Amino acid sequence: MKKILLIGLLGIALFGYFDKNVQTTKIVQNVFAADTSVSASNSASASNSALQNAIDNQQSNVQVAGAGEVIKVLGDDLKGSRHQRFILKIASGGTLLVAHNIDLAPRINGLNVGDTVEFYGVYEFNNKGGVIHWTHHDPRGQHIGGWLKHNGSTYQ
């Protein structure tokens, strides 16, 4: 009886583990599908939906794409690598801090409240909505390159 119970518990634990990984994989696949196969007009909406899944599941280190409206332009973070920082409001009403490495990619000059910015980078969950970073190329070629788009220009 103990062996049967142990095997059953092990089965449930493995199912839970693999089910969680499948959900994470689906979220990442949805982001890439939205980024590469959805028309430009629908891309931001579909990508924001995949991003919202990552937010709802409190996931971090997830490659995402999306768009939002600038609601606040913050001062640069000058500790360590320099980062241009601003806050976006996404379609769901949530907010994201964008930390764009300006040691590796060009700064977005003329960024103003009310502007729309599209992004492709890594999402990190926090209790304020989250952070988007890795919005630039990787000079070592070991990480997926990200980008920001503003007024027809791409910053990577």
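This is a predicted model, so every value here is computed, not measured.
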Check: Can you tell me how far OH of Y155 sits from CG of N101, rounded to the nearest 0.5 angstrom?
Finding: 16.0 Å
Margin query: Within this structure, what is the CG-CZ distance for the pair L148 and R107, rounded to the nearest 0.5 Å?
Written below: 12.0 Å
Check: Which heavy-atom pair separates R85 from G75 by the least distance, and what is that distance?
Finding: NE-O, 2.8 Å
Next item on the list: Using modelled atom types only, decide if a donor and an acceptor are shared between the side chain of E69 and the backbone of D115 within a distance under 3.5 Å.
Entry: no
Item checked: Non-hydrogen side-chain atoms of I71 and L88 separated by less than 4.5 Å -> no
Next item on the list: Step by step, work out the side chain to side chain contact (heavy atoms under 4.5 Å, CB included) result for V70 and N112.
Entry: CA-CA 7 Å; V70 177; N112 294 302; over 6 Å; no
Item checked: Closest heavy-atom pair and its distance - G121, I132 -> CA-CG2, 4.3 Å
Item checked: Validation row: F119, V64 side chains within 4.5 angstrom (heavy atoms) -> yes
Next item on the list: Could you grab the distance from atom CD1 of I144 to atom NE2 of H137, nearest 0.5 Å is fine?
Entry: 15.0 Å
Check: If you measure from CG on L97 to NE2 on H133, what distance do you get to the nearest 0.5 Å?
Finding: 10.5 Å
Checklist line | Side-chain heavy-atom pair Y123, L96 within 4.5 angstrom cut-off | finding: yes
Notebook entry, point to check: Under a 4.5 Å cut-off applied to non-hydrogen side-chain atoms, are V62 and N57 in contact?
Noted result: no
Check: Q156 and P106: which non-hydrogen atoms are nearest, and at how many Å?
Finding: N-CD, 4.1 Å
Item checked: Sub-4.5 Å side-chain heavy-atom contact between Q84 and L111 -> yes
Note to self: I'd like to know if the side chain of T135 reaches the main chain of G146, judged simply by a donor and an acceptor atom lying under 3.5 Å from each other, with no hydrogens or angles considered.
What the structure shows: no
Notebook entry, point to check: I102 versus D76: any side-chain heavy-atom pair under 4.5 Å?
Noted result: yes
Next item on the list: Check whether any side-chain heavy atom of I55 lies under 4.5 Å from a side-chain heavy atom of I90, and answer yes or no.
Entry: yes
Note to self: Restricting to non-hydrogen atoms, name the atom on V122 and the atom on E124 that form the minimum distance, rounded to 0.1 Å.
What the structure shows: CG1-OE2, 3.4 Å
Margin query: Side chains of Q63 and Y120, heavy atoms from C-beta outward: is any pair under 4.5 Å?
Written below: yes
Checklist line | Main-chain N/O of D77 paired with H83 side-chain donor or acceptor, under 3.5 Å | finding: no
Notebook entry, point to check: Taking all atoms of both residues into account, what is the closest heavy-atom pair of D103 and S81, and its distance?
Noted result: OD2-CA, 3.3 Å
Item checked: Atom of N109, atom of H150 and distance for their closest heavy-atom approach -> O-CE1, 4.5 Å
